[in-house]
Amino acid sequence: MAADRRIVIENCSIATVDAHDTEYPSGHVVIAGNRIESLGAGRAPEGLENVDRRIDATGHLVTPGLVNTHHHFYQWITRGLATDHNLFDWLVALYPTWARIDEQMVHAAAQGSLAMMARGGVTTAMDHHYVFPAGSGDLSGAIIRAARETGVRFTLARGSMDRSEKDGGLPPDFAVETPEGALAATEATVKEHHDSSFDAMTQVAVAPCSPFSVSTELLRQGAELARRLGVRLHTHGSETVEEEQFCKELFGMGPTDYFESTGWLGEDVWMAHCVHMNDSDIAAFARTRTGVAHCPSSNARLAAGIARVPDMLAAGVPVGLGVDGTASNESGELHTELRNALLINRLGAHREAALNARQALRLGTYGGAQVLGRAAETGSLEAGKLADLVLWKLDTLAHASIADPVSALVLGAAAPVTASFVNGRQIVEDGRLLHVDEDEIARSTREQAQRLARIAGH
């Protein structure tokens with residue numbers, strides 16, 4: 001939309017998730033081009049020019065768009081497998097299948113993953129893709145293409161693995177890259193696709209997979225590469241007890257100390273999971289402003305444990321929410337993670353004081369933007385920020401008797417999305433995607449899942 005063209009949204013509750021948690025029981029938002037021009041209580045100002053559309057949002061809550069901070073899109077076509085395994089056993093069971101993916105499969109899986117998130121209020125997504133079988137095609141390009149087709153803002157975390165079974169890792173030998181090959185391919189991906197501008201729709205991070213699938217040299221050189229190119233770093237950290245034991249046996253230290261020794265703590269780093277963190281680990285993350293992608297459903301699915309999110313937040317650690325790969329969170333939805341984050345953390349040491357509904361919403365919006373390094377542009381509703389926002393319908397049977405709209409959104413059933421905007425462009429209307437065909441994506445993902453199963457010998 002041209003910068004001088006406007007969309008006016010009125011008569012809605014608004015949760016801005018700004019620094020003061022400003023809320024309006026009945027207010028308005030004005031979008032001009034791809035930015036939020038103004039917002040506040042009551043109706044929009046009179047006399048606005050070039051208004052292309054007015055939306056009466058009575059019965060709706062408007063929030064910032066949700067920000068997903070950890071995912072593995074390719075897993076959309078291996079859902080429902082190894083359903084009763086812990087992390088290491090689950091990986092051993094699935095790596096041989098994942099190692100046979102190709103560009104066609106990855107594009108379909110990315111479409112499925114993105115579609116499910118977008119129709120549920122995600123406006124900024126990321127994908128940590130680390131499986132690059134030889135001869136499989138342009139996997140990074142296929143993922144980025146799917147994000148552009150869907151219309152979401154996107155970060156590709158270009159992953160890698162070089163520690164295979166013969167080196168004491170978990171992936172099959174044919175499923176890994178050489179350190180030199182991985183670094184060269186990652187640099188090429190950054191140079192081809194990364195956009196550092198304020199309103200960038202595509203960014204790239206450097207993302208070796210995990211301490212148990214990557215050599216120390218690849219981790220260290222990956223950090224050096226990211227900082228030379230001016231991009232962020234992402235990996236898995238402290239997900240399970242077994243990972244902690246692995247690091248102590250192999251490196252003589254726990255995961256956090258190991259990451260620090262390889263240059264992997266800093267405000268340009270975020271890590272997935274961080275379930276098994278002691279006080280010293282949390283202090284190190286807070287001191288260095290290292291971010292965390294909290295994935296409550298996946299952590300529960302793989303019996304990994306309960307991350308100490310309340311302690312991280314109290315210490316000043318940036319924390320966002322992640323779907324994680326849909327082979328360990330088959331729903332593939334981020335808006336349900338708001339509820340699960342609150343509920344699961346209340347099972348921990350802090351009980352009912354662990355998280356409240358507004359903290360959960362912040363994790364899924366501004367916290368996620370912080371973790372991805374985009375809090376200046378998105379994650380809250382403020383004048384001058386990018387027009388990434390969602391209208392949640394809260395006046396139906398599922399929510400109408402809950403007076404507080406934020407509690408209704410977080411604690412109630414999954415709320416319908418009436419409209420979702422990314423960069424000022426609408427991508428969802430009445431729960432349906434506007435720029436891709438959901439039925440065609442369902443057909444394609446089913447076919448590619450069956451094709452992968454045949455190739456893998458299931």
Side-chain angles (χ1 to χ4, degrees), residues 67-71 86-88 128 210-212 233-248 253-261 264-267 269-324 328-329 334 336-372 375 410-411:
V67 179
N68 181 42
T69 62
H70 186 65
H71 210 314
N86 66 29
L87 175 67
F88 277 20
H128 185 192
S210 67
F212 50 84
L233 301 93
H234 181 58
T235 191
H236 297 86
S238 301
E239 185 173 359
T240 66
V241 172
E242 291 82 5
E243 178 190 333
E244 186 172 15
Q245 293 170 343
F246 179 95
C247 288
K248 287 181 176 177
M253 62 186 90
T256 299
D257 291 337
Y258 175 62
F259 282 128
E260 187 156 33
S261 75
W264 270 79
L265 294 186
E267 62 182 1
V269 180
W270 84 102
M271 296 192 194
H273 303 297
C274 299
V275 174
H276 296 278
M277 302 266 283
N278 60 31
D279 290 346
S280 175
D281 298 330
I282 292 174
F285 272 55
R287 169 174 49 81
T288 58
R289 298 292 293 167
T290 303
V292 171
H294 176 46
C295 306
S297 293
S298 176
N299 293 344
R301 160 79 150 79
L302 296 173
I306 302 173
R308 295 174 59 188
V309 171
D311 296 327
M312 294 179 195
L313 294 175
V317 176
V319 182
L321 291 181
V323 170
D324 204 6
S328 65
N329 178 8
L334 190 69
T336 56
E337 298 303 292
L338 302 175
R339 186 174 193 263
N340 290 345
L342 186 153
L343 297 180
I344 288 175
N345 279 281
R346 287 190 178 185
L347 296 175
H350 295 274
R351 301 181 63 188
E352 70 277 6
L355 289 178
N356 61 40
R358 283 161 177 79
Q359 288 173 307
L361 178 59
R362 179 170 289 274
L363 289 177
T365 53
Y366 187 82
Q370 272 190 302
V371 163
L372 295 185
V410 173
L411 290 172

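Every value quoted in this text rests on a predicted model; they were computed, and no experiment measured them.
- In terms of heavy-atom proximity, Ala354 sits nearest to Gln359 at O-OE1, 4.1 Å.
- Annotation: the span from Ser280 atom OG to Asp257 atom CG amounts to 6.0 Å, rounded to 0.5 Å.
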Residue pair His234, Thr69: steps toward the side-chain contact (heavy atoms from CB on, under 4.5 Å) verdict: CA-CA 10 Å; His234 181 58; Thr69 62; over 6 Å; no
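- With sequence neighbours excluded, the residues that form a salt bridge (charged side-chain N to carboxylate O under 4.0 Å, His left out) with Arg287 are Glu260.
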Leu334 and Glu337: side-chain contact (heavy atoms from CB on, under 4.5 Å), yes or no, with the steps? CA-CA 5 Å; Leu334 190 69; Glu337 298 303 292; 4.0 Å; yes
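- Looking only at distances, a side-chain donor or acceptor of Asn329 sits under 3.5 Å from a matching main-chain atom of Val323.
- Residues Thr288 and Ala284 come closest through the heavy atom pair OG1-O, 2.7 Å.
- In this structure, Arg346 and Glu352 approach most closely via the heavy-atom pair NE-O, 3.5 Å.
- Salt bridge status for Arg308 with Asp279: present, with a side-chain N to carboxylate O gap under 4.0 Å.
- Using a 4.5 Å cut-off on side-chain heavy atoms (C-beta onward), Met271 and Leu265 make contact.
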Phe259 and Thr235: side-chain contact (heavy atoms from CB on, under 4.5 Å), yes or no, with the steps? CA-CA 10 Å; Phe259 282 128; Thr235 191; 3.8 Å; yes
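- Judged as a ring pair (Phe, Tyr, Trp, His ring centres under 6.0 Å), not a single pair has a partner in residues 275-313 (not counting sequence neighbours).
- Between Leu343 atom CG and Leu355 atom CG the span is 10.0 Å, to the nearest 0.5 Å.
- Taking CG from Asn299 and CG from Asn340, the interatomic distance works out to 11.0 Å, rounded to the nearest 0.5 Å.
- Between Thr240 and Leu302 there is no side-chain heavy-atom pair separated by less than 4.5 Å.
- Across Cys274 and Met312, no two heavy atoms sit closer than the pair O-CE, 3.2 Å.
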For side-chain hydrogen bond (donor to acceptor under 3.5 Å, both in side chains), just list the numbers for Asn345 and His350, CA-CA rounded to whole Å, side-chain angles, deciding distance to a tenth of an Å, and then say yes or no. CA-CA 8 Å; Asn345 279 281; His350 295 274; over 6 Å; no
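- When all heavy atoms are compared, the tightest approach of Ala341 to Leu321 is CB-CD2, 3.9 Å.
- At distances below 3.5 Å, not a single donor-acceptor pair connects side-chain atoms of Thr290 with backbone N or O atoms of Glu267.
- Contact check for Pro255 versus Glu243: side-chain heavy atoms found under the 4.5 Å cut-off.
- Take His71 and apply the ring pair (Phe, Tyr, Trp, His ring centres under 6.0 Å) test, not counting sequence neighbours, and it matches Phe73.
- Of the inter-residue distances, the one linking Gln370 atom CD with Leu363 atom CG reads 10.0 Å to the nearest 0.5 angstrom.
- Qualifying ring pair (Phe, Tyr, Trp, His ring centres under 6.0 Å) partners for Phe212, counting only residues two or more places apart in sequence or in other chains: Phe88.
- Residues passing the ring pair (Phe, Tyr, Trp, His ring centres under 6.0 Å) test with Tyr258 are Phe251, sequence neighbours excluded.
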Residues Ser298, His273; criterion side-chain contact (heavy atoms from CB on, under 4.5 Å); working and verdict: CA-CA 9 Å; Ser298 176; His273 303 297; 4.2 Å; yes
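- When every heavy atom of Val410 is checked against every heavy atom of Leu338, the shortest pair comes out as CG1-O, 3.9 Å.
- Checked against salt bridge (charged side-chain N to carboxylate O under 4.0 Å, His left out), Arg362 has the following partners two or more places apart in sequence or in another chain: Asp21.
- Expressed to the nearest 0.5 Å, how far SG of Cys247 lies from CE of Met253 amounts to 9.0 Å.
- Between the SG atom of Cys295 and the NE2 atom of His236 there is a distance of 8.0 Å, given to the nearest 0.5 Å.
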